[in-house]
Amino acid sequence: MYDVAIIGLGPAGATAARLLDARFKVIAIDRKSGAEGSSRKPCGGLLAPDAQKALSKFNLTLPKDVLVDPQIFAVKTVDTGGNLLRYYPRFYMNLDRHKFDMWLISLIPPHVEIARDAICTDIQKTGDFYKITYIRDCTKYEIEARFVVGADGANSAVRKRLFPKREMPRYLAIQSWFKEKHQTPFYSCVFDAEITDSYCWSISKDGFFILGGAFPKRDGKRRFALLKEKLHRSGFTFGEAVKTEACLVAMPRGIRDFCPGRGGAFLIGEAAGFISPSSLEGISYAMNSAHMLAATLNSESKNPARRYRVKTIPLRIKLTLKHLKAPFMYNRVLRGIVMRLGIKSIKIAEQAQNVGV
Ligand SMILES: Cc1cc2nc3c(=O)[nH]c(=O)nc-3n(C[C@H](O)[C@H](O)[C@H](O)COP(=O)(O)OP(=O)(O)OC[C@H]3O[C@@H](n4cnc5c(N)ncnc54)[C@H](O)[C@@H]3O)c2cc1C
């Protein structure tokens, strides 16, 4: 019997586990073990300024071995349909996402019980409690908890089981890693209406070149292959292929897609739909929503679900406002106007532009 069971130890779950009061008996269940070959989150691993701000709010200092080489300060933006190319300044930190997750887990205090390499398979409400089933080392465990926290990402089992009517739109994210062949490492952001109505990206990281994109679930593989082919034709170079990874990514379309929870069941991070629909930046929302939930539970509120819902209003408004920005990224005509006018873009010296459109 636990007070709180957290399902998932990404940035959301690890932050909640770190911030919950020691008076709670907490268990955190995650399928990652940290061992070579165990589950890893496919991610660009870019820490946006909002996420950096969240770390500063927690007074956390980032160890340097979480960073990768190089740090890049401009994003090359390509609109293939309009044959447009622009550079925009960006102040992301380039990270090893797996090391970042493991570092956040390492900060969880010892009074939290961690079940690693464990897959949560079922959650049921039984009276005032939640019965949680998980499998670890081929053994089935059943536990009960007063509160359950779904921090299990875009494909959240907690959301599916406890809020089956609150399905949210999701895209298929695919990333391939290649040996880096470009002379100058770079980030890129690619818009191509034939490939996706979301966007694609590339990131140079520690000698690898990562190409990724978010695609409608149907036909994702074909679209990804077409992306690679088109970019190859326009000058991107792909070295030896190392690995391909894929997962679902939440694509909230509006306020109705956010689901903070009800009763004693809460959702944080991407499981709740807290991810930017325009840039797919999700780490800051994961950490901030986890902080809001921990503060709610620590306050011993009589109606924690209501309190957490109220606390997340600014976050939900911010994400909804991001929707207003989306047409300027995803509508061909509006994007074309913004890029042609060069709004907020920068000029890059000739020698850095080693890839054309
Ligand atoms: C390809 C891609 C690139 C991205 N790039 C960026 C980026 O550069 N910057 C950025 O800010 N955001 C990025 N995002 C978004 C960001 O990765 C997520 O929004 C963020 O990780 C959400 O954090 P979370 O803790 O809510 O969920 P997650 O990070 O998804 O963590 C969920 C955790 O739950 C565990 N889990 C899931 N199901 C179960 C289960 N049944 N049992 C046990 N454990 C379970 C998983 O192992 C995982 O550890 C990207 C997303 C994708 C898909």
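Atoms within each ligand, like the ligands themselves, are counted from 1 in listed order. Residues take their numbers from the sequence shown, with the count starting at 1.
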### Task
Mind telling me whether Phe208 and Trp177 have parallel, tilted or perpendicular rings, with 30° and 60° as the class edges?
perpendicular

### Ligand-side contact atoms (ligand 1) for residue partner Cys247, heavy atom cut-off under 4.0 Å
53 (C)

### Any N/O pair Asp101/ligand 1 closer than 3.5 Å
no

### Query
ligand 1 and Trp201, any nitrogen or oxygen pair closer than 3.5 angstrom?
no

### Message
Heavy atom to atom 17 (O) of ligand 1, shortest distance: which of Arg97, Arg161, Gln175, Arg136 holds it?
### Response
Arg97

### Query
Going by the order shown, which atoms of ligand 1 are within less than 4.0 Å of some heavy atom of Gly153?
27 (O), 30 (O), 32 (C)

### Task
State the atoms of ligand 1, each with its element, that fall below the 4.0 Å cut-off from a heavy-atom position in Gly44.
3 (C), 4 (C), 5 (N), 6 (C), 8 (O)

### Task
Could you tell me whether some N/O pair between Leu280 and ligand 1 is separated by less than 3.5 angstrom?
yes

### Query
Hey, what's the ring geometry for Tyr308 with Phe266, parallel, tilted or perpendicular (30° and 60° as the breaks)?
perpendicular

### Task
Please check if atom CD in Gln71 has more than 12 non-hydrogen atoms from other residues, nucleotides or ligands closer than 6.0 Å.
yes

### Task
List every atom of ligand 1 that sits less than 4.0 Å from any heavy atom of Leu46, numbering the atoms from 1 in the order shown and giving each element.
7 (C), 8 (O), 9 (N), 10 (C), 11 (O)

### Task
Pick, from Ala12, Ala271, Ala286, the option with the minimum heavy-atom distance to atom 25 (O) of ligand 1.
Ala12

### Task
Report yes if Glu270 has an N/O atom closer than 3.5 Å to an N/O atom of ligand 1; otherwise report no.
yes

### Contacting atoms of ligand 1, where contact means under 4.0 angstrom from a heavy atom of Ala151
32 (C), 33 (C), 34 (O)

## Note on the structure
atom 30 (O) of ligand 1 has as its nearest protein heavy atom Lys41 NZ, 3.1 Å

### Query
Salt bridge or not for Lys230 and Glu194, using N-O below 4.0 Å?
yes

### Backbone or side-chain N or O of Ile268 under 3.5 Å from ligand 1 N or O
no

### Query
Would you say Gly282 has any N or O atom under 3.5 Å from an N or O of ligand 1, going by distance alone?
yes

### Query
In the protein, which heavy atom is nearest to atom 44 (N) of ligand 1, and how far is it?
Arg31 N, 3.2 Å

### Query
side chain to side chain contact (heavy atoms under 4.5 Å, CB included) with Arg116: which of Ile29, Ile105, Asp30, Leu9?
Ile105

### Query
In terms of atom number and element, which parts of ligand 1 are under 4.0 angstrom from non-hydrogen atoms of Ala118?
42 (N), 43 (C)

### Summary
When distances are taken from atom 36 (N) of ligand 1, the protein heavy atom at minimum range is Asp152 CB, 4.0 Å

#### Entry: Taking atom 35 (C) of ligand 1 as the reference point, the nearest protein heavy atom with its distance
Asp30 OD2, 3.3 Å

#### Entry: Minimum heavy-atom distance Ser202-Phe236, with the two atoms named
OG-CE2, 3.9 Å

### Option from Asp96, Asn94, Asp69 for which side-chain hydrogen bond (donor to acceptor under 3.5 Å, both in side chains) with Lys205 holds
Asn94

### Message
Heavy-atom distances under 4.0 Å decide this one: backbone, side chain, both or neither, for Ala173 against ligand 1?
### Response
side chain

### Query
Do ligand 1 and Ile275 have nitrogen or oxygen atoms that lie under 3.5 Å from each other?
no

### Query
Any ion pair linking Asp152 and Arg161 (charged N to carboxylate O, less than 4.0 Å)?
no

### Query
Going by heavy atoms, is Gly212 under 4.0 Å from ligand 1?
no

### Message
Counting only nitrogen or oxygen atoms and a 3.5 angstrom limit, does Gly45 reach ligand 1?
### Response
yes

### Message
Does Asp65, at its CG atom, have more than 12 non-hydrogen atoms belonging to other residues, nucleotides or ligands within less than 6.0 Å?
### Response
yes

### Task
Give me the ring orientation class for Phe186 and His182: parallel if the planes are under 30° apart, tilted from 30 to 60°, perpendicular past 60°.
perpendicular

### Proximity to ligand 1 by part of Ile283, non-hydrogen separation under 4.0 Å
both

### Query
Any Lys/Arg nitrogen of Asp101 or Lys41 sitting under 4.0 Å from an Asp/Glu carboxylate oxygen of the other?
no

### Message
With a 6.0 Å cut-off (strictly less than), is the heavy-atom count around CZ of Arg166, excluding the residue itself, greater than 12?
### Response
yes

### Query
Which is closest to atom 40 (C) of ligand 1 by heavy-atom distance: Gly10, Ser156, Cys120?
Cys120

### Message
How about NZ on Lys53, more than 12 heavy atoms from neighbouring residues, nucleotides or ligands closer than 6.0 Å, or not?
### Response
no

### Task
Tell me, please: is Cys43 in heavy-atom contact with ligand 1, that is, under 4.0 Å?
yes

### Query
Is the count of non-hydrogen atoms from other residues, nucleotides or ligands lying under 6.0 Å from Lys181 atom NZ greater than 12?
no

### Message
Does atom NZ (Lys221) have a neighbourhood of more than 12 heavy atoms from anything else shown, all under 6.0 Å?
### Response
no

### Query
When you measure from atom 34 (O) of ligand 1 to every protein heavy atom, which one gives the shortest distance, and what is it?
Gly8 CA, 3.2 Å

### Query
Which option, Pro42, Gly269, Ser39, Ser33, owns the non-hydrogen atom nearest atom 52 (C) of ligand 1?
Pro42

### Query
Are the charged groups of Glu300 and Arg23 less than 4.0 angstrom apart, N to O?
yes

